[in-house]
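First comes the structure, then the notes that go with it.
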Amino acid sequence: GTSKLVLRKDIFKEMVDALNQAARDLGIPTSCIKESDLPAFPDIVVVLDSVASGEHFKLRIPATTYFQHDRAGGCLKLY
């Protein structure tokens with residue numbers, strides 16, 4: 001297995017743009033997200049299709065996972 005999921009660049013950009021817009025709408029500075037801001041952000045749900053079975057698998061990613069601490073300071077960044 002792998003712990004890395006890679007999205008196409010256009011899909012990733014659309015997702016990041018939507019999260020940045022949500023932050024702006026909430027008055028949260030996108031340059032420095034704080035842990036106290038995380039409850040305002042939604043989980044990201046990625047739906048994966050199984051080629052073999054035709055079933056769907058939903059992967060739910062909370063803000064505590066897609067935002068990670070920036071090594072340079074106390075801010076959280078999108079990863």
Could you give the distance from [atom1] ([X]) to [atom2] ([Y]), rounded to the nearest 0.5 Å?
X     : Y     : atom1 : atom2 : result
Asn20 : Ile28 : CG    : CD1   : 11.0 Å
Leu76 : Thr64 : CG    : OG1   : 10.0 Å
His69 : Ile33 : NE2   : CD1   : 12.5 Å

Q: Please name all residues satisfying side chain to side chain donor-acceptor pair (under 3.5 Å) with Arg60, sequence neighbours left out, ordered by chain then number.
A: none
Give the cluster check for [X] versus [Y]: same hydrophobic cluster or not, with ILVMFWY residues linked at side-chain heavy-atom distances below 4.5 Å.
X     : Y     : answer
Met15 : Leu48 : yes
Ile11 : Ile61 : yes
Leu19 : Val47 : no
Ile44 : Phe57 : yes

Q: Provide the closest heavy-atom pair for Asp43 versus Pro62 in the form atom of the first, atom of the second, distance.
A: OD1-CA, 3.3 Å
Q. Between the main-chain N or O of Cys32 and the side-chain N or O of Lys77, is there a donor-acceptor pair closer than 3.5 Å?
A. no
Q. Which residue pairs pass the ring-ring contact (aromatic ring centres under 6.0 Å, His included) test with at least one member in residues 23-46, sequence neighbours excluded?
A. Phe41-Phe67
Q. Taking the side chain as C-beta and beyond, is there a heavy-atom pair between Phe12 and Lys9 under 4.5 Å?
A. no
Q.
If you define the side chain from C-beta out and look only at heavy atoms, does anything of Asp37 sit under 4.5 Å from Leu26?
A. no
Q. Distance only, no hydrogens: is a donor on one side chain within 3.5 Å (strictly under) of an acceptor on the other, for Gln21 and Asp17?
A. no
Q. Does a sphere of radius 6.0 Å around CD in Glu14 hold more than 12 heavy atoms from other residues, nucleotides or ligands, not counting ones at 6.0 Å or beyond?
A. no
